[in-house]
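Here the structure is laid out as structure tokens; the discussion comes afterwards.
Atoms within each ligand, like the ligands themselves, are counted from 1 in listed order. When reading the values below, keep in mind they use all heavy atoms of this one structure, side chains included, and skip hydrogens, waters and symmetry mates. Source: prediction; values computed, not measured.
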Amino acid sequence: MKHLLSAGDLDRDQAVKILDTAGELAAVASRPVKKLPTLRGRTVVNLFFEDSTRTRISFEAAAKRLSADVINFAAKGSSVSKGESLKDTALTLEAMGADAVVIRHGASGAPHRLATSGWINGVVINAGDGSHEHPTQALLDAYTIRRNLVGPTGDLAGVRVTIVGDVLHSRVARSNVLLLDTLGADVTLVAPPTLLPVGVETWPCEVSYELDQPLTATDAVMMLRVQRERMNASYFPSEREYSRRYGLNADRLAMLTGSAIVLHPGPMNRGMEITADVADSQRSVIIEQVGNGVLVRMAVLYLLLGGAPTQREVSR
Ligand code: CP
């Protein structure tokens with residue numbers, strides 16, 4: 001695999017390899033000096049046409065921990081605002097010697113275009129494209145679920161994951177369904193009919209319009225942000241009604257059984273899809289997800305650019 005464009009591009013062995021590598025790199029993250037020399041002399045460009053906090057910062061941290069040179073490019077403040085095209089931006093990065101381009105773009109398919117255009121020779125990693133995919137988010141979610149529920153090298157087969165909310169606009173939901181299915185987990189999507197995409201019945205998951213019953217039989221519940229910035233119509237009667245039917249609050253948290261965990265990719269609308277007390281509760285692994293994002297993105301860069309870490313590097 002040269003690029004990482006879709007969670008659906010990964011077969012089970014490739015996905016497990018990334019999760020296992022992230023687990024090995026966790027040992028590095030706990031050392032006083034968190035750096036490995038693996039990508040010394042390589043250049044990673046973070047090419048962000050859409051806002052980001054977690055993804056951009058964690059890709060930067062991941063690349064720096066692997067000793068790569070990092071160039072951060074934000075469309076705001078660049079010549080994109082003067083009308084420069086994706087092609088000319090890409091050709092500029094190629095001229096600067098980019099070995100990997102991590103791209104976030106509002107247009108679904110932009111990373112695919114970059115990878116197949118011939119404009120650049122380096123690796124392309126999709127950091128979120130429109131409402132399409134966000135594969136490294138799905139990988140860090142799977143990594144987090146695995147560590148919490150089945151152990152660092154455990155099998156996710158049969159683990160029940162419920163994904164709740166604005167599936168229609170969510171690249172996180174699509175990538176998670178694809179990856180979790182590949183890993184053998186059982187996924188249920190919960191959303192109002194208006195916030196489900198056309199063709200969702202062909203996705204490898206169950207669909208419910210009602211939250212309470214799935215909650216009583218899940219091992220992990222992932223709340224999705226209501227993406228108001230992508231909404232050009234009214235998809236539900238009111239925010240209050242949405243929260244009442246699809247929000248995760250203390251009463252619903254009490255329906256979870258066993259060691260079930262709560263995830264959210266962030267950024268959260270506290271008080272909308274999740275209440276503050278639930279987001280900060282013992283079952284919440286939301287902050288852990290952010291830390292795991294660095295490990296998983298290190299693993300992706302490592303495997304796409306540098307090969308697997310040697311035992312000597314990991315245990316130094
Ligand atoms: N989860 C996620 O993609 O967050 P950011 O938009 O902050 O990168």
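By the 4.0 Å heavy-atom criterion, G128 is excluded from the residues contacting ligand 1. Using a non-hydrogen distance threshold of 4.0 Å, R104 registers as a contact of ligand 1.
Between N126 atom CG and L114 atom CG the span is 10.5 Å, to the nearest 0.5 Å. With values rounded to the nearest 0.5 angstrom, I274 atom CD1 is found 8.5 Å from D280 atom CG.
For atom 4 (O) of ligand 1, the nearest non-hydrogen atom of the protein is R54 NE, 3.1 Å. Here the protein heavy atom with the shortest distance to atom 2 (C) of ligand 1 is T55 OG1, 3.5 Å.
Residues V172 and D141 form a side-chain contact, since some pair of their non-hydrogen atoms from C-beta on lies under 4.5 Å apart.
Comment: R160 does not engage D186 in a salt bridge, judged by the lack of any side-chain N to carboxylate O separation of less than 4.0 angstrom.
Residue P265 has at least one nitrogen or oxygen atom sitting less than 3.5 Å from a nitrogen or oxygen atom of ligand 1, judged on distance alone. Taking distance alone, with nitrogen or oxygen atoms compared against 3.5 Å, S52 approaches ligand 1 more closely than that limit.
Of all atoms in ligand 1, numbered sequentially from 1 with element shown, those under 4.0 Å from a heavy atom of H134 are 2 (C), 3 (O). Interface atoms of ligand 1 facing Q137, defined by a heavy-atom separation under 4.0 Å, are 1 (N), 2 (C). Heavy-atom proximity to T53, at under 4.0 Å, picks out these atoms of ligand 1: 5 (P), 7 (O), 8 (O). In summary, the atoms of ligand 1 found under 4.0 Å from a heavy atom of G266, numbered by their order in the structure, are 1 (N), 2 (C), 4 (O).
A cation-pi arrangement is present between R297 and F59, with the terminal nitrogen or guanidinium carbon under 6.0 Å from the aromatic centre and inside a 45° cone about the axis.
Nearest heavy atom pair, residue A62 against residue V294, reads CB-O, 3.7 Å.
A donor-acceptor pair is defined here as one N or O able to donate and one able to accept, closer than 3.5 Å; no such pair exists between the side chain of T275 and the backbone of G271.
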